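Just so you know, these numbers come straight off a predicted model, no measurement behind them. These values consider heavy atoms only, across backbone and side chains, with no hydrogens, waters or symmetry-generated copies.
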Amino acid sequence: VRRGISLVPTYGMTETTSQIATAVPGRPPSGPDVVGPPLDGFTVGIESDGDSEPGVIVVEGPAVFGGYLSEPPRDGPFATSDVGYLTSNGDLAVVGRRDDVVITGGENVDLSVVREAIVDLPGVDDAVVVGVPDPEWGAVICVLVDGPDAALEPRLRELTAERLQAPQCPKRWSFGKIPLLSNGKHDVGAVGRLFAAE
């Protein structure tokens with residue numbers, strides 16, 4: 001502000017040639033997940049029971065890409081991998097990633113919520129939470145923890161149960177170094193394969 005520059009939240013991706021929705025300077029977002037109204041030329045919708053309910057964000061507009069290389073040309077609205085909803089005044093709110101939601105025992109569980117609860121526990125340096133296919137549950141929630149010794153697992157399970165609902169609590173725990181991708185991000189795929197191989 002002192003330099004005369006206004007910083008506002010925005011939402012976009014490479015497939016849409018950058019921004020899709022951006023807050024209006026001088027009009028603060030109405031909530032922590034709200035990024036603002038769609039930009040001119042974009043139509044934003046939500047694949048859910050209603051636009052006010054969280055669902056997959058879909059986008060249409062002239063700046064939306066024509067499809068991925070080596071795949072048939074894209075037709076119709078582009079379904080992102082993000083989950084959000086539209087507020088009563090038409091602003092877009094982004095609440096998470098579709099890849100972060102698994103169904104376990106018939107319950108939808110947002111893995112990012114589980115991770116946030118675990119990394120906040122005393123002594124936990126970092127954690128990766130994944131859903132692994134399971135014939136009984138559909139998927140089981142597993143966590144690889146970087147930080148405490150495996151001997152602390154009972155205490156961590158107890159603390160997690162105090163913070164999360166039963167379907168959200170990991171059924172399987174492992175402790176060790178978290179594999180990373182070349183860009184320094186968690187290699188979530190490798191963590192999933194680690195649990196699937198057990």
Do [X] and [Y] have side-chain heavy atoms sitting under 4.5 Å apart?
X: P179; Y: L144; value: yes
X: V114; Y: V109; value: yes
X: F65; Y: T17; value: no
X: T22; Y: Y11; value: no
X: P170; Y: T160; value: yes
X: L121; Y: L156; value: yes

Side-chain donor/acceptor of [X] to backbone N/O of [Y], under 3.5 Å:
X: T43; Y: E60; result: no
X: E116; Y: V113; result: no
X: T87; Y: L92; result: no

Minimum heavy-atom separation for [X] and [Y], please, with both atom names.
X: P38; Y: G90; result: CD-O, 3.5 Å
X: S174; Y: L194; result: OG-CD2, 4.4 Å
X: Y68; Y: F78; result: OH-CZ, 3.9 Å
X: P62; Y: G41; result: CD-O, 3.3 Å
X: Q19; Y: F42; result: O-CE1, 3.3 Å

Is it the case that atom CG in D40 sees more than 12 heavy atoms from other parts of the structure closer than 6.0 Å?
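Incorrect, the count does not exceed 12.
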CG of D75: more than 12 outside heavy atoms within 6.0 angstrom?
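No.
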Nearest-0.5 Å distance that lies between atom CE in M13 and atom CD1 in I20
4.0 Å
Going by salt bridge (charged side-chain N to carboxylate O under 4.0 Å, His left out), name the pairs with one or both residues in residues 161-183, residues two or more places apart or in two chains.
D120-R163, R172-E198
Same apolar cluster: V143 and V132, side chain cutoff 4.5 Å:
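No; V132 is not reachable from V143 via cluster members.
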Are V101 and V56 co-members of a hydrophobic cluster defined by side-chain heavy atoms under 4.5 Å apart?
no
